Amino acid sequence: MTQLQQLWTASRLGTFQWRNWDETETILFHTASGDTHVLSPPAAVVLKELEHASLPFEEIVKRVTISLGDVHDDSLADQVEQLLDDFDQLGLIEPVT
Amino acid sequence: MKLNDLSTTQLVQRAAGEGLCWRVGPFIVRLRTPLQDIVENIAFLYTGFPVLDSTDYADHEVVVLPRGITGQRVSIIADGRAIYPSEPRAIAVPLLEWTLNLCVFHQPSTNLILHAAVVERGGFALIMPAVPGSGKSTFCAALAHRGWRLLSDEVAILQRTDGRVVPATRPIGLKDVSIDVIQQFAPEAVLGPSWPGTAKGTVAHCLPSEESIRRAGETAQPRWLMFPAYRHGAKTELTPISKPRALVHAAADSFNYSVLGTEGFTTLSRFVDACDCYELTYGDLEDAVTVVGEWTQEDGSTQPEADPEQSLPVETPPVHLGAPQESPAKIAALPLRIRELLLGALRHPEDLQELSPAEWDVLLCAARVTSLLSSLAVRAAELELLEKIPDGPRPHLEAARTVAIQHERIALWEVKRVERALMEMETPVVFLKGAAYLLAGCRFSRGRVITDVDILLPRQHLAAAEEQFRDWGWIADEESPLDEQYYREWLHELPPLTHFRRGTSLDVHHTILPRTDRLEVRPELLFDEAVPYEDGNDQFLVLCPADMFLHAATHLFRNGDFSKGLRDLADLRGMLDEFATTENFWRQLVTRAEKLDLAGPCYYALRYTARYFDCRIPDDVKKATRSWKPVWPPLRVMDRLVDAAVIPRYLDRIDHRRERAIGILARLYLPRLRVAASPSFWKKRMPQWFGPRKPKT
């Protein structure tokens, strides 16, 4: 399986608790780690999508693009790649083996 | 009755006898000391506080004892632990105040505790979290002299049930220039004596108002959350901040947010929801107090409805019991009582409900000192006894249980992170000690506080694993080159790793005994018998039951850390109870002990679990292990050392006998000859012989 085909899913240990006070920032509490995160809109979309399904990289990028209003942005794929790497480090997502 | 209603003679007599008890917020504190000057100063600082008649139970006991020949030094002991073993008597009062902070605010709690000053007006609370040095106490003292009621200058206790702030009113600690600032700002402020020469400079205490003391039982509704920061010469600026930022900021200023887990998040997000969130930068105190006063005046026009349910008891009448009770002083002075209570609670937890408040007074303290409080709390909850335990100790047990559950969650999370870091390596990984008991689903370890994760790896994979851990955020603790060399040359583990973000510890072992030890365990034998804890995953393992027992025995009796000796013996007893039900356990234990060359530690483990917990060892095992018995002189010495080390004799003074025994047990075994011939070993053991010479003056 190549990196692009790798399926990602939200951490199977614990659950996510969301808190929104405005549209610019979302608070996420991960019950397994006890960590609290302040997320930007694309980051919140990535995690919300992976909370419900296991997805490959390209599908994640597609869904983020749609949810942000179908705005074409060349840098979005890079952003999502960085987000996946960060979330993996934080234990918020994991590769499906 | 108030503290100032007692004459000096009465105060001194109480403090020197059964103890001087008063209430700090929701807690009862007891001071015991023969030193009159300390009593007089404390009585002045707590003037107007309700004094309690001698109670059988206090949440926290602080003892101040003279030390040394001249009596110019003191020891301060809180809840059985020497917080300040030897300090100048001249600064005993500020040290006592800091000790009370430690007792009251840093103990496990089911409520969310923020490091913040809190004042109240019109039923609404203004909460000001801040790091030390940001002028929080000064600003709080200023507001307390401009019509605000002081709840605390140190902590905001947010009730988990309804989010209201619980007062913990005490004198406000002011440092250095803040003392003059407050004297000029509010000449009517009553300040105690100044104490120069403390670690924080000169300290003085500003007394709370009579109203703050009288209403110390009234909780308040959170309304404003403000992060103050003093900057010399800065203009007063009150800037709104977003609620997500305020939540993260407040979480960072909490003592127990991460430990409370989901409960902590729920309480904190509800709290932030209820508050207007601002940052205050100020350089002029008068101006800042005016700005904050106007802002909160506009905002807090609506009075919250008073709720009689939200009041805390201000004074608890002494509990009257049917049978006559021994006074706490008398109980604390009897070593047998500590021993009997501790071992009784471990052997027969079902009898916990029978204990009187006076017995809880001793047991809570003894259980804290021996790191057994959370295990007792979890056991009591499993037996559905918590509701039957008196009101005083029950919150402590509930808090200890909450903390233990969260420690399990944190340990499991660390295990998952270790798995993630090593999953791409083709190496077996064996989890050890607390994390392993948890993964193996052992009942005996419930409530055991796990402070770090230990793993065992084949030595040849250590370098690659170290690199992986570095990539995943674990960094080696900064050790001196000598320590680093000692670890790598002579110990059975790498220098400890700490995660840079989570702050958790990871110990990576390649065998279970230091290479300095005369016993030599072949780690491949441990890997051979290790078992997976998850079906279908053969990479991540725990030791088989017999090896798990042997490792725990080896860790205690060869590595020699007896500071938590009774807890470790309780673990060993739990393993025997639990594993003995499986077929062949005893036979396997004897065989493995001989094969691994661990017969000695195994013998001691069986001997002392039987002695302290009445464990039944089958006759054939006794017979098989008879040849492992050491000759009587060393055995007799060991018996006495273990006995002195595992059970404290005193909780109201430094237990020198116990400390000495723990020290001797840690150095009991001589290193093997080839180690003793190594310079690096002696450089580490005797740095004073090898360290740099002092320059001649």
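Chain naming here is simple, since letters A, B, ... match the order of the sequence lines and numbering starts at 1 in each. Keep in mind that this is a model prediction, so the values were computed, not measured.
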Rounded distance (nearest 0.5 Å) linking atom [atom1] of [X] with atom [atom2] of [Y]:
X	Y	atom1	atom2	answer
A:Gln89	B:Asp471	CD	CG	8.0 Å
A:Asp35	B:Arg502	CG	CZ	7.5 Å
A:Trp18	B:Ser269	CH2	OG	14.5 Å

Measuring heavy-atom distances to chain B, does [X] have an atom under 4.5 Å in its side chain, in its backbone, in both, or in neither?
X	result
A:His30	side chain
A:Ser11	side chain
A:Asn20	neither

Quiz item: Going by an N to O cut-off under 4.0 Å, is there a salt bridge joining B:Asp273 and A:Arg19?
Solution: yes
Within 6.0 angstrom of [X] [atom1], more than 12 heavy atoms from elsewhere:
X	atom1	result
B:Arg401	CZ	no
A:Glu59	CD	yes
B:Arg245	CZ	no
A:Glu58	CD	no

Practice problem: Indicate the atoms forming the closest heavy-atom contact of B:Thr266 with A:Gln17, along with that distance. | Solution: OG1-OE1, 4.5 Å
Quiz item: For B:Leu247 and A:Ile27, which heavy atoms make the closest approach, and how far apart are they?
Solution: CD2-CD1, 4.1 Å
Quiz item: Does any non-hydrogen side-chain atom of A:Trp21 lie less than 4.5 Å from one of B:Pro244?
Solution: yes
Quiz item: Can you pull out the residues in residues 417-442 of chain B with any heavy atom less than 4.5 Å from chain A?
Solution: B:Arg417, B:Arg420, B:Met423
Quiz item: In terms of heavy-atom pairs under 4.5 Å with chain B, which of A:Gly34, A:Gly14, A:Ser33 leads?
Solution: A:Ser33
Exercise. Classify the angle between the aromatic ring planes of B:Phe265 and A:Phe29 as parallel (below 30°), tilted (30 to 60°) or perpendicular (above 60°).
Key: parallel
Exercise. Give the intermediate values and the outcome of side chain to side chain contact (heavy atoms under 4.5 Å, CB included) for residues A:His37 and B:Val248.
Key: CA-CA 8 Å; A:His37 306 275; B:Val248 171; over 6 Å; no
Quiz item: Under a 4.5 Å heavy-atom cut-off, does chain A meet the side chain of B:Lys243, its backbone, both or neither?
Solution: both
